[in-house]
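Scroll down for the structure; my scribbles are underneath it.
All of these numbers come straight from a predicted model, not from anything done at the bench. For this chain, numbers begin at 1 and follow the sequence in order.
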Amino acid sequence: MNHHNDQISRITTLLRKVYNSKRIDYNNIAVTYINSVTEAIFTSIIANRNGIYIARTPLRNALGRFGKRAKQTYWRDVLEESEESLYNVLEVGTKIGGQSIISRIAVHNYKQIIETADVTQYIASIHAKLKDESDGVLTLSKLQIDVDNLADYINNNLDDKQRNSTMDRNVDTATVLLRLARACPNNEIPVLKKMSSFGREYHSAPSLQGAPAIIRKAALGPHVTEIDISNAVFTWMYNEVDDYTRTKLKAIANYLEHKESVRSQLAKEIFGDVKNYDEKTSVKTLKTVMTSMGFGGRLNAGSGVYYNKQGKLVELAFAQAVKSPALRQKIIDHHFFSRFVRELNVVKKNILPKYKAQLMQNEELLTTSGKLSHNKAMAWLYQHAEKDIMNKMVNELNLNVVLGVHDGVYVTDEIEERTVNRWMQSQWLMGKAQVKQINKQHADEHTIETAPIELTSNSMLVDSTAYKSAADLIYKLSQIKQDHHI
């Protein structure tokens with residue numbers, strides 16, 4: 001707290017030197033500045049964003065300006081250029097109407113802030129957002145954190161001599177959550193919830209919904225069960241098409257039936273000649289690629305970037321997952337992926353006409369020219385189906401939910417995987433779920449680094465006949481029982 005007061009004192013002294021006036025509340029400007037930056041740091045960390053982001057335009061307006069009316073200066077600009085600045089601006093964010101909406105920043109004394117900043121102000125800001133919200137979209141709930149288990153997780157990882165950057169980021173997230181929980185009655189952190197028009201319920205920070213899975217488990221503690229629908233988007237597609245079309249979806253069916261084997265074999269086929277090849281890393285990368293494809297992600301081997309409607313250069317999810325253009329081309333050319341893409345196009349052509357009249361009534365799903373956006377429409381249909389089946393599962397299995405994460409839930413019930421799978425298969429053909437009992441966290445989290453995958457010098461000399469053999473092997477893995485599934 002002394003450090004906090006000293007910081008306020010230094011900032012107020014600086015502001016008075018710049019422009020001295022009895023009418024200005026320098027202390028309020030300093031406190032608002034510190035609290036706003038702290039909120040941005042906490043929100044970014046808990047939301048597991050790739051960096052720290054702050055909305056600089058609202059900050060500029062909140063701090064106000066000074067000087068003669070003809071030529072006034074914003075206090076935010078003064079602070080950003082001063083020795084008391086809490087951050088450097090690394091990247092100005094998306095611009096709408098000429099205003100910077102969000103910017104990526106590098107925070108000075110980052111560790112000190114997350115360990116000593118006043119968390120009560122951050123908690124108060126959460127309640128203030130609910131109070132200021134007038135259209136009833138936001139709702140407030142509470143989530144109890146197992147502070148002892150979370151503290152154990154932090155201590156175990158701090159003592160781990162094999163820590164990596166992923167573990168460091170996770171420790172930061174856990175540290176902020178722990179400080180917030182300890183400052184709340186019964187260790188129950190406030191969570192703001194908002195229902196999307198696409199059907200999903202989104203939680204804003206502080207929330208475990210966007211946190212890494214390892215943090216969710218550590219924060220919820222032992223004796224909680226995680227239920228996750230396997231390959232939910234592809235399972236929904238498989239069930240949504242008509243019977244005849246379903247017989248054509250061989251690649252999708254194989255993936256649903258044997259996803260682990262398929263991913264493992266594809267990883268060897270595509271990344272096996274990469275220097276320092278690691279199967280776990282490669283499988284994780286392919287999972288990201290497949291998920292992106294399920295939501296309409298484009299496969300592009302070129303630059304991997306495009307300009308969005310605001311004129312901002314955006315990197316494709318495919319390029320984020322696979323940095324090497326040569327490897328992206330290898331995925332695109334692979335027999336399994338080329339067939340998978342064709343089948344996804346067949347799925348769209350089969351599903352969308354059934355709902356077109358309904359979808360065309362939703363302006364959110366239309367392009368600027370008034371046509372139906374196929375990717376948005378598919379996402380809208382899937383996310384509503386996802387919400388419906390999750391709600392039905394919770395109700396019919398009498399589950400006590402502590403946290404929802406779209407296609408999964410964390411519950412306090414002890415339930416067997418076979419019980420959930422019997423229910424899933426009564427709802428969806430090839431429906432499956434993974435059920436895991438969460439145990440106390442230990443210092444065994446050696447999460448894979450997400451370094452860009454590069455090719456070795458001889459990596460492009462792979463025999464192209466390997467593609468056929470891989471496809472043959474993958475298809476042999478699945479002998480689909482037509483009379484049962486179709």
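Residues Lys217 and Asn149 have side chains that never bring a donor and an acceptor to within less than 3.5 angstrom of each other. For the residue pair Ser373 / Asn375, no side-chain donor-acceptor distance below 3.5 Å is found, with atom types taken as modelled. No side-chain N or O of Ser85 forms a donor-acceptor pair with one of Glu80 less than 3.5 Å apart. Side chains of Ser197 and Glu364: a donor on one and an acceptor on the other come within 3.5 Å.
Proximity of Met290 to Asn231: side-chain heavy atoms (C-beta onward) are nowhere separated by under 4.5 Å. Looking at heavy atoms from C-beta onward, Ile145 lies out of side-chain contact with Glu188 at the 4.5 angstrom threshold. Side chains of Gln437 and Val224 form no contact here, defined as non-hydrogen atoms less than 4.5 Å apart. Side-chain contact check for Leu344 versus Met293: some heavy-atom pair is nearer than 4.5 Å. Contact annotation: the side chain of Thr288 never approaches that of Phe318 to less than 4.5 Å [non-hydrogen atoms, C-beta and beyond]. Between Leu359 and Leu381 there is a side-chain heavy-atom pair separated by less than 4.5 Å. Side-chain contact between Glu201 and Lys194: absent, with no pair of heavy atoms (C-beta onward) separated by less than 4.5 Å. A 4.5 Å side-chain heavy-atom check between Tyr122 and Leu180 finds at least one atom pair inside the cut-off.
Every salt bridge (charged side-chain N to carboxylate O under 4.0 Å, His left out) that Asp172 has, sequence neighbours left out, goes to Lys111. Considering only residues two or more places apart in sequence or on other chains, Phe295 meets the ring pair (Phe, Tyr, Trp, His ring centres under 6.0 Å) condition with Tyr382. Gln144 meets the side-chain hydrogen bond (donor to acceptor under 3.5 Å, both in side chains) test with no other residue; sequence neighbours excluded. Residues meeting the ring pair (Phe, Tyr, Trp, His ring centres under 6.0 Å) test with His406, sequence neighbours left out: Tyr202.
In this structure, Phe66 has its ring center closer than 6.0 angstrom to the ring center of Tyr19.
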Dump the intermediate steps for side chain to side chain contact (heavy atoms under 4.5 Å, CB included) on Met378 and Ile351, then the final yes or no.
-> CA-CA 8 Å; Met378 289 293 287; Ile351 294 176; 4.1 Å; yes

From CA spacing to verdict: side chain to side chain contact (heavy atoms under 4.5 Å, CB included), Leu403, His203 | CA-CA 10 Å; Leu403 178 67; His203 302 177; 4.1 Å; yes

Could you check Tyr26 against Trp75 for side chain to side chain contact (heavy atoms under 4.5 Å, CB included), going step by step and ending with a plain yes or no?
-> CA-CA 10 Å; Tyr26 296 101; Trp75 286 116; 4.1 Å; yes

Test Ser21 against Ile24 for side chain to side chain contact (heavy atoms under 4.5 Å, CB included), laying out the working first.
-> CA-CA 6 Å; Ser21 171; Ile24 297 175; 3.9 Å; yes

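For residues 385-401, the pairs satisfying salt bridge (charged side-chain N to carboxylate O under 4.0 Å, His left out) are Arg200-Glu386, with sequence neighbours left out. Applying the salt bridge (charged side-chain N to carboxylate O under 4.0 Å, His left out) test to pairs two or more places apart or on separate chains, those with a residue in residues 29-43 are Glu39-Lys129.
Looking only at distances, a side-chain donor or acceptor of Thr13 sits under 3.5 Å from a matching main-chain atom of Ser9. Within the 3.5 Å criterion, the main-chain N or O of Arg16 finds no donor-acceptor partner in the side chain of Asn20. Not one N or O on the side chain of Gln434 forms a donor-acceptor pair closer than 3.5 Å with the backbone of Asp228. For Asp413 (side chain) and Asn400 (main-chain N/O), a donor-acceptor pair under 3.5 Å exists by modelled atom type. Under the 3.5 Å distance criterion, the side-chain polar atoms of Thr173 are matched with a main-chain donor or acceptor of Ile45. Between the side chain of Arg263 and the main chain of Leu286, no donor-acceptor pair closer than 3.5 Å is present. Proximity of a side-chain donor or acceptor of Arg216 to a complementary backbone N or O of Ala211 within less than 3.5 Å is detected. For the pair Arg76 (side chain) and Arg56 (backbone), a donor-acceptor distance under 3.5 Å is present.
Remark: His223 NE2 is loosely packed, at most 12 non-hydrogen atoms of other residues, nucleotides or ligands lying under 6.0 Å away. Within a 6.0 Å radius of NZ in Lys259, more than 12 heavy atoms belonging to other residues, nucleotides or ligands are found. Within 6.0 Å of CD on Glu414 lie no more than 12 heavy atoms contributed by other residues, nucleotides or ligands.
Residues Ile105 and Tyr87 come closest through the heavy atom pair CG2-CD1, 3.6 Å. Smallest separation of non-hydrogen atoms from Gly51 and Ser44: O-CB, 3.6 Å. Of all heavy-atom pairs between Val420 and Val435, the closest is CG2-CG2, 3.7 Å. The two residues Ser207 and Val191 come nearest to each other via the heavy atoms CB-CG1, 4.1 Å. Taking every heavy atom of both residues into account, Met237 and Gly294 meet most closely at CE-O, 3.3 Å. Nearest heavy atoms, Ile11 versus Ala30: CG2-CB, 3.6 Å.
Put simply, OG1 on Thr12 and OH on Tyr33 are 14.0 Å apart, with the number rounded to the nearest 0.5 Å. Rounded to the nearest 0.5 Å, atoms CD1 (Ile46) and CD1 (Ile215) are 11.0 Å apart. The distance from the NZ atom of Lys193 to the CD atom of Gln209 is 8.5 Å, given to the nearest 0.5 Å. The structure places CG of Asp77 at 9.5 Å from CG of Leu59, a figure rounded to the nearest 0.5 Å. Taken to the nearest 0.5 Å, the CG atom of Asn88 stands 12.0 Å off from the CZ atom of Arg104. Residue Arg179 holds its CZ atom at 13.0 Å from CG of Leu150, rounded to the nearest 0.5 Å.
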